Amino acid sequence: MRIIISFLLLPLTVHASEPVKRTIFDKEVIEAVIQAESSYQSGAVGDDGRAVGCLQIWKIMVREANRISGYRRFTYNDRKSKRKSIEMFLLYQKHHNPTGDIEKGCRIWVGGPDGWKQDGTKEYYKKVAKILADNKIN
């Protein structure tokens, strides 16, 4: 226990000139994606009824989250829950974007696992990046 306590008492040095490196896993970044997807509306329905909830999740994403987790963890109804939607989002990101790169994370969210390679996903990333910039999040 002393080792842990001694370690916890070590001073932390943070340099103000070093920007904090954000990842797709950060709360502020997830909130920006939610704003881009649904303007924070948990009951949002888009894409002719196929995208549901604050993160506009399609049924195929629910199946992918269940495949990644290895069991039937999520239901289609879970898309209406902000908490469950974020769980699916994080599971998907950790599997397909383990480094948490924001641009890649945004682009795979809208374009699938290879979405970061598709030109058509660049605009979506720019939309989320603008939200982050407007909220002054680097």
Side-chain angles (χ1 to χ4, degrees):
M1 190 66 156
R2 282 187 192 174
I3 295 171
I4 294 171
I5 292 170
S6 298
F7 175 74
L8 292 175
L9 294 176
L10 291 175
L12 296 176
T13 305
V14 177
H15 300 284
S17 62
E18 295 177 17
V20 174
K21 175 85 167 119
R22 295 282 180 199
T23 70
I24 197 74
F25 308 118
D26 291 334
K27 181 181 187 286
E28 297 86 359
V29 178
I30 296 168
E31 291 293 327
V33 173
I34 290 171
Q35 184 176 343
E37 288 288 350
S38 68
S39 298
Y40 299 106
Q41 297 177 22
S42 290
V45 177
D47 295 325
D48 297 322
R50 295 175 296 193
V52 175
C54 67
L55 281 165
Q56 293 294 279
I57 296 176
W58 288 39
K59 288 181 178 180
I60 194 168
M61 177 58 67
V62 176
R63 293 191 298 271
E64 174 69 351
N66 286 332
R67 183 193 69 77
I68 293 166
S69 73
Y71 60 96
R72 191 171 188 272
R73 178 175 173 181
F74 301 102
T75 67
Y76 295 146
N77 237 11
D78 288 339
R79 299 177 295 167
K80 297 174 186 173
S81 162
K82 181 179 178 182
R83 184 180 61 79
K84 291 284 193 169
S85 292
I86 291 172
E87 283 181 36
M88 285 186 264
F89 176 85
L90 291 172
L91 187 68
Y92 183 80
Q93 292 292 335
K94 286 177 185 173
H95 183 78
H96 293 291
N97 181 24
T99 63
D101 181 82
I102 295 173
E103 180 174 358
K104 182 178 181 181
C106 290
R107 294 178 70 186
I108 67 171
W109 186 247
V110 74
D114 292 328
W116 62 276
K117 298 177 186 177
Q118 301 168 16
D119 284 339
T121 62
K122 289 178 183 177
E123 287 305 311
Y124 180 78
Y125 166 67
K126 289 178 185 177
K127 180 179 181 178
V128 174
K130 181 177 181 338
I131 292 167
L132 289 169
D134 289 349
N135 292 334
K136 296 180 180 37
I137 298 170
N138 298 322

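These numbers come from a predicted model, not from an experiment. Any value given below was found using the heavy atoms of this structure, including those in side chains, with hydrogens, waters and symmetry copies removed. Numbers here simply count residues along the sequence, with the first being 1.
Side-chain contact between L91 and K94: absent, with no pair of heavy atoms (C-beta onward) separated by less than 4.5 Å. Using a 4.5 Å heavy-atom threshold, the side chains of I57 and V52 count as separate. The side-chain heavy atoms of W58 and R63, taken from C-beta on, include no pair separated by under 4.5 Å. Two residues are said to be in side-chain contact when any heavy atoms from C-beta on lie closer than 4.5 Å; Y71 and N66 fail this criterion. Considering only heavy atoms from C-beta on, K59 stays 4.5 Å or farther from R50 through its side chain. With a 4.5 Å cut-off on side-chain heavy atoms, I24 and L90 do not count as touching.
N97 CG to E103 CD: the interatomic distance, rounded to the nearest 0.5 Å, is 10.5 Å. How far CD of Q93 is from CD1 of I108: 4.0 Å, rounded to the nearest 0.5 Å. In this structure, OG on S69 lies 10.5 Å from CD on E87, to the nearest 0.5 angstrom. Interatomic distance, Q35 CD to K127 NZ, rounded to the nearest 0.5 Å: 9.0 Å. Going from atom CH2 of W116 over to atom OG1 of T121 covers 10.5 Å, rounded to the nearest 0.5 Å. The CD1 atom of I86 lies 8.5 Å from the OG atom of S81; values are rounded to the nearest 0.5 Å.
In plain terms, the two heavy atoms of R107 and Q118 that are nearest each other are NH2-O, 2.7 Å. Closest approach of A51 and D47 over heavy atoms only: CB-OD2, 3.6 Å. Residues F74 and K84 approach most closely at CE2-O, 3.9 Å, considering heavy atoms.
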*Check step by step if side-chain contact (heavy atoms from CB on, under 4.5 Å) holds for V62 and D78.*
CA-CA 8 Å; V62 176; D78 288 339; over 6 Å; no
*Please assess I102 against D26 for the test side-chain contact (heavy atoms from CB on, under 4.5 Å), listing each intermediate value before the final yes or no.*
CA-CA 10 Å; I102 295 173; D26 291 334; 5.9 Å; no
_Stepwise side-chain contact (heavy atoms from CB on, under 4.5 Å) check, I68 with H96_ = CA-CA 10 Å; I68 293 166; H96 293 291; 4.0 Å; yes
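With hydrogens and angles disregarded, a donor-acceptor distance shorter than 3.5 Å links the side chain of Q56 to the backbone of A44. Judged purely by atom type and a 3.5 angstrom limit, D101 uses its side chain to pair as donor or acceptor with the backbone of K104. With hydrogens and angles disregarded, a donor-acceptor distance shorter than 3.5 Å links the side chain of S85 to the backbone of R79.
No more than 12 heavy atoms of other residues, nucleotides or ligands shown are found within 6.0 angstrom of CZ on R72.
The closest side-chain donor-acceptor pair between Y124 and E37 falls under 3.5 angstrom. No side-chain donor-acceptor contact under 3.5 Å links Y92 and E64.
A salt bridge links K82 to E31: at least one charged side-chain nitrogen sits closer than 4.0 Å to a carboxylate oxygen.
By the rule that hydrophobic residues join a cluster once side-chain heavy atoms approach within less than 4.5 Å of another member, F25 and V128 end up as members of one cluster.
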